[in-house]
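The first residue of the sequence shown is numbered 1, and numbering continues consecutively from there.
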Amino acid sequence: MFKTALISSLEKCFIDQRVEDFRPLSALSVLQNERFSVQFIHRGEREVPVRLMYLVRVDGALAPYATLRTVESVPVSIPTAPDCDDGNYLRTEPGLYPDLLQPIHYGGAISIMREALHSVWIEFDLNGQVAPGTYPTTVTLCEGNGNVVREERVDVTVIGATLPAQTMRLTQWFHCDCLANYYRIPAWSEEHWRIVENFAATARKNGINLLLTPVFTPALDTAPGGERTTVQLVDVYKDGDTSTYTFGFDRLDRWIEMCDRVGIEYLEIAHLFTQWGAEHAPKVMGYEGGVYKKLFGWETEATGDAYRTFLRAFLSAFLAHMKARGDDQRCYFHISDEPQESQLESYKAAKAVVADLLEGYPVMDALSNFEFFRQGIVPMPIPSNDHIEPFIEAGVEGLWTYYCCGQLKGVSNRMMAMPLWRTRSIGYQFYKYDIAGFLQWGYNFYNTCGSIDPINPYLDACGEYWVPGGDTYSVYPGPDGEALESIRILAFYEALQDVRAMKLAEQFYGKDAVVAALEEIVGEIRFDRCATDADTILRMREKINQMIAEAIR
């Protein structure tokens, strides 16, 4: 009547699949402070009665550390771009794709559908509280009266070592305006602040330690001439007679205090010029003659006298304020996102407006043209993972990388149509090439292309036929203002944990030995080569864990 199994966190289970399609997971090993997940998959056959009260229960010493959620499917109209199927996609047709992690409701019960496969995602957070040893852990499907229907078991070995702290900088762009729009609340109302903090806390939980900080409304993914909802943190006051400026930083201070509460370590200051060429000013709102109005925007020349005067006044005041707080060294700056080679001169001119003021601070931008780095225009380039090779060959120190909707062939990404083992492959790539930071643009972007209109992320994963599903967001807006995670963001966090485990193994064996051990399993590590099955990732991580276990005996 029922079929069930425990499987790894590297699988995506589609409704039309069967339990037999997946390899059962009988054992795994973890470190003492690790977060890890397994899936309890279930399928009812045709004779299963229609009722809701089936309970899933975790038993064993690890049960107190478990959180159970259901994996729900969302509609995806664009799984990938044309001609991008490289053989490492699960599917390439529009349909329902498993992604959303939803808290179990019905009083802790789940619904069993006839002839349909579903998954209960079980996440364990050991938090350093479990002693070394092997812990038999059972997951039981019960009727409402407690009668056992099915039971599955996995043996979890906890190794007596802890992951070192994350050293990588990680940002997924945090869109405060999308939260105001989705929940239909005024920007920076008390309810908005509450929701923003909820989303920031979930971001930090998943390794994001650098938060996009909207000193001005970010000039990102905005149609030329258009505007996004104002979420500017800094108050601007212009003296119309003298064109001098003063600034208020109360909301910025509150933002930093929020970051401190949730554990955000670094502040990513919103771009100082428009995207794709740095030709205009971002939208800047302020008070002139007591009237609140737009002071700068698309009509403003990036390097003109008016914006130059303003921007230099702002940066001088901002840096003085941040120094007084002791927070200036937490700041990362941007000029303009994704400049192309044809825009090199406009980018260079925009940077020259502020270069002296930002000397000594990290200035970085996502770009893929090596010329920006070769000429010294961008000292901290962030190339995409499918254009990173020239930067690796040049020995760029502290190299970052990014991906977005264009990185669809060969490389790792987090599209809903991609397997989670492909998403997680980026961990060993990060490790081998000493990647210092990672950027992805869509933590919670709930807009169409150009931010013309908002979308409902539960119904539209593609920004209204714009990009492949999975590019624009990694979390969903929950009904009470909480961020609901996707299985993709958890897979990426597991990749970050892999990096930390590799760095621990490196302390005992040296980097060359760790890379050699990895490549025995995954093959030559390159950004354009990802694992093609779950077993490869599982064996890779088990190898690292066993190296650590042997070293601490």
Side-chain angles (χ1 to χ4, degrees), residues 169 171 210 212-220 232-234 236 243-245 247 249 252 266-284 295-298 300-325 327-383 391 394-400 402 436-437 439:
R169 309 292 192 262
T171 179
L210 173 64
L212 183 63
T213 298
V215 289
F216 307 122
T217 302
L220 297 167
Q232 181 175 318
L233 287 172
V234 175
V236 178
S243 292
T244 58
Y245 298 90
F247 304 92
F249 295 110
L252 176 64
Y266 307 101
L267 307 171
E268 181 183 11
I269 307 307
H271 299 67
L272 301 177
F273 301 89
T274 51
Q275 197 170 19
W276 305 309
E279 296 178 350
H280 304 280
K283 179 175 72 170
V284 178
L295 301 178
F296 303 102
W298 285 107
T300 307
E301 183 182 348
T303 57
D305 290 341
Y307 188 59
R308 176 190 295 268
T309 298
F310 164 78
L311 187 56
R312 290 185 64 83
F314 164 70
L315 282 177
S316 297
F318 171 79
L319 289 171
H321 181 76
M322 297 299 283
K323 287 177 182 177
R325 288 184 54 95
D327 287 323
D328 66 306
Q329 295 300 313
R330 299 170 68 178
C331 295
Y332 286 69
F333 293 90
H334 291 289
I335 302 300
S336 174
D337 186 48
E338 292 186 319
Q340 305 301 310
E341 186 174 8
S342 61
Q343 299 156 341
L344 190 148
E345 292 303 320
S346 62
Y347 184 98
K348 185 190 301 185
K351 185 185 176 186
V353 172
V354 297
D356 60 323
L357 296 175
L358 296 182
E359 186 174 355
Y361 294 99
V363 178
M364 61 185 192
D365 275 310
L367 53 89
S368 293
N369 190 287
F370 186 73
E371 196 65 17
F372 283 83
F373 174 75
R374 191 188 68 80
Q375 293 192 25
I377 300 169
V378 183
M380 282 188 64
I382 309 179
F391 298 85
V396 178
E397 293 187 9
L399 184 59
W400 289 47
Y402 83 100
L439 180 153

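Side chain of S316 to main chain of A313: no donor-acceptor pair is present (N/O by atom type, distance under 3.5 Å, no hydrogens or angles). Panel note: side chain S346, backbone E279; no donor-acceptor pair is recorded below 3.5 Å. Q343 places a side-chain N or O within 3.5 Å of a backbone atom of W276 that can act as its donor or acceptor partner. A donor-acceptor contact shorter than 3.5 Å links the side chain of D365 to the backbone of S336.
Considering CZ of F273 and CD of E301, their distance stands at 11.0 Å, rounded to 0.5 Å. The structure places CD1 of I382 at 13.5 Å from CZ of F372, a figure rounded to the nearest 0.5 Å. For the atom pair I377 CD1 and L344 CG, the distance stands at 4.0 Å (nearest 0.5 Å). Once rounded to the nearest 0.5 Å, the distance linking CZ of R330 with CD1 of I269 reads 10.0 Å. To the nearest 0.5 Å, atom CG of residue L439 and atom CG of residue L210 are 8.0 Å apart. If you take OH on Y402 and OG on S368, they are separated by 4.0 Å, rounding to the nearest 0.5 Å.
Of all heavy-atom pairs between T274 and P282, the closest is CG2-N, 4.4 Å. Among all heavy-atom pairs drawn from A302 and A278, the shortest one is CB-O, 3.2 Å. When every heavy atom of P381 is checked against every heavy atom of L367, the shortest pair comes out as CB-CD1, 4.1 Å. Contact record, P218 with L212: CG-CD2, 4.2 Å, taken as the closest heavy-atom pair.
No more than 12 heavy-atom neighbours from other residues, nucleotides or ligands sit within 6.0 angstrom of CD on E397. Atom CD of E371 has more than 12 heavy atoms from other residues, nucleotides or ligands within 6.0 Å.
Here F216 and F314 bring their ring centres to under 6.0 angstrom of each other.
Between T300 and V284 the shortest side-chain heavy-atom distance does not fall below 4.5 Å. Residues P383 and L399 meet the side-chain proximity criterion, which asks for heavy atoms closer than 4.5 Å. In this structure the side chain of Y332 never reaches within 4.5 angstrom of the side chain of L267, judged on heavy atoms. No side-chain heavy atom of K351 sits under 4.5 Å from any side-chain heavy atom of K348. No side-chain heavy atom of T309 sits less than 4.5 Å from a side-chain heavy atom of S243. A 4.5 Å side-chain heavy-atom check between I335 and V378 finds every atom pair outside the cut-off.
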Begin from the C-alpha positions of L272 and L315 and carry the test side chain to side chain contact (heavy atoms under 4.5 Å, CB included) through to its verdict.
CA-CA 10 Å; L272 301 177; L315 282 177; 4.1 Å; yes
Could you walk me through whether M322 and L252 pass the side chain to side chain contact (heavy atoms under 4.5 Å, CB included) check?
CA-CA 10 Å; M322 297 299 283; L252 176 64; 4.2 Å; yes
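Below 30°, between 30° and 60°, or above 60°: for F370 and F373 the angle between ring planes is between 30° and 60°, a tilted geometry. The aromatic rings of H334 and H271 sit parallel to each other, their planes meeting at less than 30°, with 60° as the upper class boundary. Between F333 and Y361, the ring-plane angle classifies as perpendicular under the 30° and 60° cut-offs.
The salt bridge (charged side-chain N to carboxylate O under 4.0 Å, His left out) check on D356 picks up R312, with sequence neighbours excluded. Listed by chain and number, the residues in a salt bridge (charged side-chain N to carboxylate O under 4.0 Å, His left out) with K283 are E227 (sequence neighbours excluded). For the salt bridge (charged side-chain N to carboxylate O under 4.0 Å, His left out) test, residues two or more places apart in sequence or in another chain that qualify with R325 are D253, D327.
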